[in-house]
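Residue numbers begin at 1 in each chain, while the letters A, B, ... track the order of the sequences.
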2 protein chains.
Amino acid sequence: MSVLELRSARRAAVRRLDAPVASAASPVEAADRPWLDQILVGDCIAQLEKLPRHSVDLVFADPPYNLQLGGDLVRPDQSKVDAVDDDWDRFESFEAYDAFTRAWLLAVRRVLKPSGALWVIGSYHNIFRVGAKLQDLGFWILNDVVWRKANPMPNFKGKRFTNAHETLIWASRDREAKGVTFNYEALKVGNDDLQVRSDWLFPLCTGSERLKNADGDKLHPTQKPEALLWRILTATTKPGDVVLDPFFGTGTTGAVAKRLGRHFVGVEREHAYVEHARARIDAVRPAPEEGLAGVTPKRSEPRVPFGSLVEAGLIAPGTRLTDARRRHAALVRADGSLAVGPESGSIHRMGAAVQGLEACNGWTFWHVETEGGLAPIDVLRQRIRSALTAVPA
Amino acid sequence: MSVLELRSARRAAVRRLDAPVASAASPVEAADRPWLDQILVGDCIAQLEKLPRHSVDLVFADPPYNLQLGGDLVRPDQSKVDAVDDDWDRFESFEAYDAFTRAWLLAVRRVLKPSGALWVIGSYHNIFRVGAKLQDLGFWILNDVVWRKANPMPNFKGKRFTNAHETLIWASRDREAKGVTFNYEALKVGNDDLQVRSDWLFPLCTGSERLKNADGDKLHPTQKPEALLWRILTATTKPGDVVLDPFFGTGTTGAVAKRLGRHFVGVEREHAYVEHARARIDAVRPAPEEGLAGVTPKRSEPRVPFGSLVEAGLIAPGTRLTDARRRHAALVRADGSLAVGPESGSIHRMGAAVQGLEACNGWTFWHVETEGGLAPIDVLRQRIRSALTAVPA
DNA sequence: ATTTTCTGTGAATCTGCTC
DNA sequence: AGAGCAGATTCACAGAAAA
């Protein structure tokens with residue numbers, strides 16, 4: 001079962017439920033904490049002043065990334081990429097961005113309980129600045145976590161590595177914080193009895209989960225997948241905890257919090273986002289308690305490209321490969337390409353080329369000379385694979 | 001076969017090679033650049049002053065990040081370090097680390113060529129500070145890359161996620177840098193014809209690759225795997241480039257650089273590391289030259305204007321061109337222009353015009369009728385190119 | 001009804017040379 | 001320095017359309 005299948009199965013199961021709204025504030029709570037399970041509309045720092053200090057268990061923050069994009073970007077098919085060009089993502093300078101970061105971190109710090117913790121997500125444009133600033137302010141980093149995107153946007157111009165991940169920082173309010181929630185056992189059980197690592201694989205938020213506006217276009221440029229919030233909330237909150245999201249957007253944090261029987265508070269400036277978020281959260285029915293286990297993607301065998309055999313030293317550059325009958329020969333190069341005369345390409349391309357075919361499985365076609373005779377390079381791949389899937393003792 | 005055995009097998013295989021030491025400085029170079037392929041022993045910043053400015057193509061830096069061992073840090077301002085040691089304070093310590101980071105980044109920046117680039121590796125303890133500082137100094141981040149550890153150390157206390165990755169930052173010296181090396185095509189070919197992503201999977205440096213001291217203990221606490229450096233150097237340097245490692249340690253950068261036919265310069269303070277690194281690098285035999293050539297990017301192939309196909313008689317004036325689906329048609333003219341009705345222009349302009357697009361690659365858009373069916377005119381260009389390269393050297 | 005093909009799209013700091 | 005232009009460049013899905 002794939003990650004996607006898992007996710008639809010989970011969502012279908014959740015929709016069938018008809019349990020009472022566990023996370024709705026009770027009458028007593030409503031009088032005491034009128035901000036509970038609400039979206040506060042307005043500027044993040046001004047609105048946070050309405051909350052009492054030490055009232056929040058967890059903060060999840062998805063601040064503007066300060067992308068600093070240049071001109072338009074077009075795909076190889078000449079279609080235009082719908083970039084993040086919103087006003088809220090534009091800052092005058094690094095200094096302005098740092099001041100903004102400092103302000104919301106301080107506001108958030110005031111409302112956090114001493115045992116509270118903070119999650120921030122960002123990309124290389126902003127995450128280093130945010131991370132340094134939160135260290136400066138006394139937050140204590142517990143982990144950095146990488147969201148590996150299953151289906152990232154490619155680098156269309158071929159000038160960089162595919163930007164295939166975002167970074168999350170998990171930090172306690174204080175260095176000496178006691179009682180920070182981490183549901184270690186539950187996470188481990190949900191992960192085939194293996195500790196959950198700091199690199200998480202999730203697809204982007206697409207398809208029916210992605211909120212659309214009246215025109216059918218995406219409502220928010222950076223809506224996060226619910227699976228990501230699910231993992232965060234099941235890992236680092238308890239049922240009944242209060243989760244604050246100071247950049248609420250379309251309310252993913254609120255929707256997942258409600259589903260998981262946690263309280264939320266959101267702050268959002270844009271009225272259009274707030275309206276959609278309210279409707280979205282209203283439609284959520286909390287899962288019954290026994291259904292609150294996390295979803296874990298199936299661990300699949302890592303794909304091993306030919307280049308990694310060269311990198312790992314299993315095949316030295318300059319090695320000659322042949323086919324099983326030694327009719328064709330090729331030279332391995334340091335970058336993982338094969339050279340046949342003046343031509344070069346991947347093991348698959350060159351395997352196809354020497355045979356005059358459209359396609360070829362290079363792993364089984366090309367062989368290497370060993371002490372025990374000619375062996376397909378696929379046996380080397382198997383060795384790498386076992387090295388890469390080795391479970392720590 | 002275990003990972004350890006794999007590594008010995010590889011090292012043995014590489015030692016068997018007996019090619020000339022391609023990366024050793026020639027006599028001329030030795031006089032001109034006496035620091036080439038050397039380890040400079042001493043303080044990083046002081047030693048870097050010995051190198052001329054704009055002399056280095058790439059920097060790989062694995063800086064120390066143990067914030068609490070003041071003595072382990074090489075700081076520009078020694079008096080300040082003493083003060084911190086006596087009255088250790090978190091804020092003071094971050095400040096000291098930032099000053100240290102600033103100093104080595106500036107030193108490195110001076111020796112980098114304008115087209116040069118920098119790699120830094122770190123963990124959540126230091127990487128956010130380093131990333132923010134290098135942005136402050138004018139470096140321009142090209143990617144952040146995650147090294148996913150195949151076999152990380154588990155979190156023994158069960159209080160955190162398994163710390164299973166480290167973060168690398170790849171940055172150009174300047175925002176407007178031109179000519180930064182990125183061997184995109186070669187990377188793609190070595191990765192089964194897929195773009196390489198920003199998350200890389202490698203095992204830790206263990207087994208026979210891991211240098212040991214006389215007691216059999218690991219010599220260096222954070223020796224990096226050679227495969228990681230292999231990836232970095234094949235991706236972002238060319239043969240013959242100069243790679244600087246200001247925190248040389250056990251010389252992984254130097255060993256891989258030599259093997260790949262790149263020059264290195266190392267700076268290291270600890271004599272024990274320097275000795276081991278020298279012996280290690282001396283034992284390295286470079287890969288044969290024919291294994292070091294990379295895939296030729298299309299962008300660097302000789303430019304062949306469409307007109308020369310007409311001149312060479314490969315396409316006669318009056319020939320009709322169409323797109324792959326025969327939706328559009330154009331007429332070849334003697335001067336190498338295309339005519340569509342009353343309009344005419346280059347193959348690119350007219351390709352764009354008939355589709356109503358801003359731009360178009362006419363070489364792949366326009367097709368010509370051949371015996372074997374419709375073929376893109378790019379195949380005709382390829383014939384011209386191979387005719388050009390067939391000229392004896 | 002089922003399978004195949006086509007089209008659209010996602011937090012992106014995304015060209016390089018000549019005149 | 002800025003304009004002009006040749007020409008190089010994409011992966012994993014989802015959903016619609018076609019077969």
B:R173 (side chain) donor-acceptor with B:G138 (main chain) under 3.5 angstrom = no
Select base, sugar-phosphate, or nothing to describe what A:T222 touches, counting heavy atoms under 4.0 Å on all strands.
-> base
Could you check how far CG of A:L67 sits from C1' of C:dC14, rounded to whole Å?
-> 13 Å
Does a donor on one side chain and an acceptor on the other come within less than 3.5 Å for A:S123 and A:H125?
-> yes
Interatomic distance where NZ belongs to A:K218 and P belongs to C:dA12 [whole Å] = 7 Å
Using whole Å, report how far CG of A:L73 lies from P of C:dA11.
-> 14 Å
Contact class for B:G345 vs. all strands (heavy atom < 4.0 Å): base, sugar-phosphate, or nothing?
-> nothing
Have B:T236 and B:W170 got a donor and an acceptor in their side chains that come within less than 3.5 Å?
-> no
Which one is paired to D:dT10, where only Watson-Crick or G-U wobble pairs with both distances under 3.5 angstrom count?
-> none
Base paired to C:dC19 (Watson-Crick or G-U; both N/O distances under 3.5 angstrom) = D:dG2
Could you tell me the separation between the CG atom of A:D217 and the C1' atom of C:dG8, rounded to a whole number of Å?
-> 11 Å
Touch class at under 4.0 angstrom, heavy-atom based, for A:D89 against every strand present = base
May I ask you to say what B:K178 touches in the nucleic acid, namely base, sugar-phosphate or nothing, with a heavy-atom cut-off under 4.0 Å?
-> nothing
Pair B:R333, B:S344: side-chain N/O donor-acceptor within cut-off below 3.5 Å = yes
Starting from the 5' end of DNA chain C, give me the residue, B:G179 or A:D72, whose nearest nucleotide shows up first.
-> A:D72
Would you list the protein and nucleotides 5-12 of chain D atom pairs, both N or O, that sit under 3.5 Å from each other?
residue, atom, partner, partner atom, Å
D:dA6, OP2, B:S346, OG, 3.2
D:dA6, O3', B:R303, NH1, 2.9
D:dG7, OP1, B:R303, NH1, 2.9
D:dG7, OP2, B:H348, NE2, 2.5
D:dG7, OP2, B:W363, NE1, 3.2
D:dA8, OP1, B:R381, NH1, 3.2
D:dA8, OP2, B:R381, NH1, 3.4
D:dA8, OP2, B:R381, NH2, 2.6
D:dT9, O2, A:F156, O, 3.3
D:dT9, O4, A:Q78, NE2, 3.3
D:dT10, OP1, B:Y184, OH, 2.9
D:dT10, OP1, B:K188, NZ, 2.3
D:dC11, OP1, B:Q195, N, 2.9
D:dC11, O2, A:P152, O, 3.4

With side-chain hydrogen bond (donor to acceptor under 3.5 Å, both in side chains) as the test, would you mind laying out the steps for A:Q68 and A:Y97 before giving the verdict?
-> CA-CA 11 Å; A:Q68 301 179 258; A:Y97 188 80; over 6 Å; no
Please report, rounded to the nearest Å, how far the P atom of C:dA11 is from the CG atom of B:D144.
-> 16 Å
Can B:W147 and B:W200 be said to form a ring-ring contact (aromatic ring centres under 6.0 Å, His included), step by step?
-> CA-CA 5 Å; B:W147 167 28; B:W200 301 351; 9.9 Å; no
On DNA chain C, check which nucleotide each of A:Q223 and B:V180 is closest to and give me the residue with the more 5' one.
-> A:Q223
Please confirm whether any donor atom in the side chain of A:K149 sits under 3.5 Å from an acceptor in the base of C:dA11, or the reverse.
-> no
Between A:L204 (CG) and C:dG8 (C1'), how many Å, whole number?
-> 14 Å
side-chain hydrogen bond (donor to acceptor under 3.5 Å, both in side chains) with A:H165: which of B:D144, B:D199, B:T167?
-> B:D144
With rounding to whole Å, what would you report as the distance between C:dA12 and D:dG7 at their P atoms?
-> 30 Å
Just how far, in rounded Å, is P of D:dG15 from CZ of A:R210?
-> 13 Å
Rounded distance in Å - CD (A:E209) to P (D:dC13) = 15 Å
Pair assignment for C:dA12, Watson-Crick or G-U wobble, requiring both distances under 3.5 Å | none
Hunt down the Watson-Crick or G-U wobble partner of C:dT3, both distances under 3.5 Å, from any strand shown, or write none.
-> D:dA18
Pairwise P distance, D:dA6 and C:dA11 [rounded to whole Å] = 34 Å
If you measure from the C1' atom in C:dA1 to the same atom in D:dA17, how many Å do you get, rounded?
-> 15 Å
Distance between P atoms of D:dT10 and C:dG16 (Å, rounded) | 15 Å
Using a strict cut-off of less than 4.0 Å between a Lys/Arg side-chain nitrogen and an Asp/Glu carboxylate oxygen, indicate whether B:D174 and B:R109 qualify as a salt bridge.
-> yes
